[in-house]
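These notes concern the structure reproduced below.
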Amino acid sequence: MLPINEIEKKWQKYWEDSQVFVAHNNSDKPKYYYLVEFPYPSGAGLHVGHVRSYTALDAMARKKRMMGYNVLFPLGWDAFGAPAEQYAIKNHIHPKKAVEENIKVFKEQVKKLGMSVDWTREFSTTDPEYYKWTQWQFLKFFEHGMAYKAKKNINWCPNCKMGLSNEDASGGVCERCGTQVEQREKEQWMLRMSDYAQDLIDGLEDTDFQERTKLAQINWIGKSTGAEVSFKIKEVDDSLLIYTTRPDTLYGVTFMVVAPEHPMIDKYQDLINNMDEIKAYREMANKKSELERTQLVKDKTGVKISGLTAINPINDKEIPIYISDYVMMNYGTGAIMAVPAHDERDYDFAKKFGIDIIEVIKGGDISKEAYTGDGEMVNSGVLNGLTNKKDSIAKMIAHLKERGIGHEKTNFKLQDWIFSRQRFWGEPIPLIYCEDCGWVAVPEKDLPVLLPDVTEYEPTDDGESPLAKITDWVNTTCPKCGKPARRETDTMPNWAGSSWYWLRYMDPHNDKEFVSQEALKYWGKLDWYNGGMEHAARHLLYARFWNQFLYNIGLVPNKEPFKVRVSHGMILGEGGVKMSKSLGNVINPDDMIKLYGADALRCYEMFIGDYEKEVAWSEQGLNGCKRFIDRVIRLGNKVVEGDEYSQNLEKIINKSIKKVTEDIDSMKFNTAVSTLMILLNEMEKQDTITKKEYRTLCLLLNPIAPHITEELNAVYEMGKPLCESTWPVWDEAKTVEEEKEIAVQVNGKVRSTIRVNLNDDEETIKEKALQEENVIHHIADKEIVKVIVIKGKIINIVVK
RNA sequence: GCAAGAGUGGCGGAAUGGUAGACGCGAUGGUCUCAAACACCAUUGGUAGCAAUACCAUGUGGGUUCAAGUCCCAUCUCUUGCACCA
């Protein structure tokens with residue numbers, strides 16, 4: 001027997017040379033498409049967390065192939081974007097070079113794990129052959145009016161010197177470096193993602209995502225229904241538009257609040273008497289980080305706008321207008337009607353500024369707190385007497401519409417996608433600005449717009465992309481009129497490349513189209529998509545949005561791209577703390593392979609616990625799996641000729657085939673491994689085992705431990721390589737034991753066990769149970785009320 | 001605050017309403033060895049008992065049921081999302 005590392009190399013070479021894992025775009029077999037999110041090839045190398053999800057998908061893919069499917073299981077690299085650029089800046093190498101090196105390391109590591117990846121389909125998002133088509137698809141957005149440039153107050157990370165999407169700046173800190181984000185005004189390319197908000201909610205019904213994933217998406221989209229109402233301003237011929245989900249409380253409005261950035265303030269600054277005070281407040285609010293501003297604080301701040309007064313359209317009452325940073329410019333209309341009696345925030349504000357509080361819904365004590373519950377309407381004109389929110393809202397909306405002062409309105413938290421980055425390491429946005437023609441698309445024949453080869457790739461302080469400095473590259477001619485023009489110097493976010501990569505795997509070398517229609521039709525939807533829970537909201541939304549757009553313009557056959565989406569749990573360090581460089585508890589998969597072998601590592605990561613839950617690493621546990629593998633090897637000493645299952649093992653083998661088959665399909669890898677351990681325990685008790693029996697064990701273990709099982713199959717000359725063999729089938733009739741030990745309960749407590757035969761009738765079982773000494777003891781001098789016999793399971797004697 | 005998920009031995013974790021703790025780790029004792037490692041055998045939820053066995057035990061309190069870790073109600077704790085979203 002070869003040493004483990006030799007065995008691993010041998011079979012990895014065999015798999016590669018024989019091309020058994022290459023998927024075919026035309027096949028009579030049924031297709032199945034597995035995908036695990038492609039990694040950022042960071043300098044840190046592969047993490048044991050990668051090993052968990054890769055092994056899981058690999059095991060499923062291997063089994064599916066053995067079951068006769070044409071399986072697509074590709075892998076590639078998501079190498080654009082800030083992480084790669086930061087790494088390059090830090091290590092003073094060109095990102096291209098850094099990416100190449102990192103990919104090499106990653107790929108080697110993945111190969112060492114024995115993944116059944118179809119490497120003929122590998123690509124990186126940074127390959128010009130790939131990003132040509134990313135650019136091409138961006139131009140489709142542009143052509144269809146889905147991309148536009150807008151002055152945007154963007155999240156700006158002063159450390160990374162980069163604009164961030166709301167998603168990248170969640171919580172008010174830069175996702176990459178943790179620096180507090182500032183606000184900066186910048187012209188940015190935007191994609192009209194908010195147009196798709198409703199479709200992105202509806203489309204979830206066509207998916208089999210986990211409930212928690214669907215929920216994350218729905219929350220992120222943040223749909224709410226209510227009304228827009230305009231409030232006239234007394235001093236000028238203008239009105240203030242607000243959004244509310246509670247138009248039923250309109251009679252309870254005692255003031256208005258606008259966001260500090262609200263344009264009304266500048267528009268009427270001449271009429272405002274306390275502009276100094278307001279300006280000071282605005283400055284203070286702007287300095288506050290998003291984090292501070294979005295924190296729920298009881299202590300509200302704000303300034304009354306002196307000189308402007310609003311009029312409540314429902315009762316013509318005059319009410320004051322305030323500015324306060326608890327109202328956000330980027331949601332709704334940036335202005336609200338405040339109903340302190342029935343909204344906590346408005347209540348806090350009113351209390352602090354001594355504003356009237358008018359109750360319009362009965363049920364609470366408004367002298368103590370805002371009442372947000374349901375109840376009878378009071379002080380509410382046309383609504384008086386109504387007793388529930390639903391009716392009140394409906395009636396008020398009808399009323400508003402009739403009088404032309406408001407209408408029903410749905411709002412989404414989901415914003416348009418800020419698609420510009422002032423970075424070097426991204427796909428150049430393929431547009432040219434001409435003084436005469438405006439923004440013009442780069443013609444398809446000129447794609448890709450390649451990144452220039454420069455040495456200066458550090459970001460600039462003024463927030464422009466480093467590309468802006470490269471005049472040779474920037475200066476060009478207008479494709480429309482031929483006059484001198486300038487290239488767009490912004491690049492795409494790294495979410496771009498990952499928003500369609502699963503499509504490219506279907507047809508990765510096509511230089512005529514982003515993917516052929518035949519390939520799209522053949523592979524259809526991605527059947528099983530695995531990725532981190534951290535991507536459940538953003539990546540998944542971007543990807544679905546992108547795909548829905550392609551569908552709407554007729555480029556892909558399915559509106560929803562993914563069938564199943566699953567997320568693996570994180571692997572924590574020993575003791576349950578997060579693995580991190582600073583704690584020094586990061587486990588390198590390479591070291592583990594060296595010490596225990598790739599199969600043991602794979603086996604352990606499958607055995608470690610529930611796949612979807614996070615779990616703590618344990619090297620002793622890994623060693624336990626190595627012992628298991630060693631015992632499987634040693635069992636070979638008992639192998640004798642024979643192509644049948646022996647009587648002793650027939651039952652357990654059939655049961656094991658059934659259990660392992662079902663468990664792998666439902667991602668219960670931990671119990672699949674334990675089933676195999678139990679099977680091994682039984683086999684070890686035998687004096688000899690037949691080749692057929694040993695081969696079945698190897699086949700069942702193969703998806704999880706592919707190298708050693710292939711080797712054992714070869715060493716004991718048990719047949720063709722397992723990866724080219726068919727998955728074992730079980731005989732249902734042989735999974736049932738004829739004799740079984742069942743429990744005998746008296747009043748629900750187990751008092752004895754009896755052996756029963758499958759064919760025993762209830763009367764026989766009952767008699768047998770009643771003869772048990774301990775049972776007799778417990779029913780002595782008591783009356784038997786009834787006897788419950790569940791065949792093959794349990795018998796319960798109820799006594800009084 | 002809202003939403004989702006989870007609470008089971010020393011640990012990771014098993015249990016279509018039917019013998020709770022499978023399987024593994026660790027631990028204890030033993031075999032092998034000059035010794036150790038490896039391997040193998042045995043024991044291993046708690047309490048009491050020589051034992052048979054009994055009682056207790058799946059966060060807590062109720063309920064449904066012949067039977068509840070599993071179903072229902074309430075409650076506590078933890079984790080993860082989302083969060084001045086009007």
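Chain A is the first sequence line, chain B the second, and so forth, proteins listed ahead of strands; every chain is numbered from 1.
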For L541(A) and C82(B), give me the distance from atom CG to atom C1', rounded to whole Å.
-> 13 Å

Taking atom types as modelled, find out whether D663(A) and T671(A) have a side-chain donor-acceptor pair closer than 3.5 angstrom.
-> yes

Reckon E773(A) touches a base, only the sugar-phosphate, or nothing at all at heavy-atom distances under 4.0 Å?
-> nothing

Tell me yes or no: between the side chains of Y371(A) and E359(A), is some donor less than 3.5 Å from an acceptor?
-> no

Rounded to the nearest angstrom, tell me the gap between atom CE in M533(A) and atom P in A4(B).
-> 14 Å

How far does the C1' atom of C11(B) sit from the matching atom of U60(B), given to the nearest Å?
-> 24 Å

Once you round it to whole Å, what is the distance between P of G81(B) and CE of M570(A)?
-> 9 Å

Candidates C40(B), C82(B), C84(B) - which lies nearest the side chain of R631(A) = C40(B)

Base, sugar-phosphate, or nothing: which does N681(A) touch, judged by heavy atoms less than 4.0 Å apart?
-> sugar-phosphate

Look at all strands and tell whether N774(A) reaches a base, only sugar-phosphate, or nothing, counting heavy atoms closer than 4.0 Å.
-> sugar-phosphate

When you check every protein heavy atom under 4.0 Å of nucleotides 65-71 of chain B, what one-letter string (B, S, -) results, 5' to 3'?
-> -BS----

Given side chains that start at C-beta, do those of L701(A) and L680(A) come closer than 4.5 Å, heavy atoms only?
-> no

Regarding the side chain of K749(A), the nearest nucleotide among G13(B), C55(B), A3(B) is C55(B)

Out of C84(B), A86(B), G26(B), minimum distance to the side chain of Q620(A) belongs to G26(B)

When you match D610(A) and G334(A) each to their closest nucleotide on RNA chain B, which lands nearer the 5' end?
-> D610(A)

Atom NZ of K300(A) and atom P of A86(B): how far apart are they, to the nearest Å?
-> 14 Å

5'-most by nearest nucleotide on RNA chain B - R212(A) or K659(A) | R212(A)

Taken to the nearest whole Å, CG/D663(A) to C1'/C23(B) is 12 Å

note: I678(A), atom CD1; A14(B), atom C1'; distance rounded to Å ~ 9 Å

Using the benzene-type ring in the case of Trp, are the ring centres of Y322(A) and F349(A) under 6.0 Å apart?
-> yes

Please work out if H778(A) contacts a base, only the sugar-phosphate, or nothing of the nucleic acid, heavy-atom cut-off 4.0 Å.
-> sugar-phosphate

Quick one: label G624(A) by what it contacts on the DNA or RNA (base, sugar-phosphate, nothing), any heavy atom closer than 4.0 Å.
-> sugar-phosphate

Could you tell me whether T244(A) contacts a base, only the sugar-phosphate backbone, or nothing, with contacts defined as non-hydrogen atoms closer than 4.0 Å?
-> sugar-phosphate

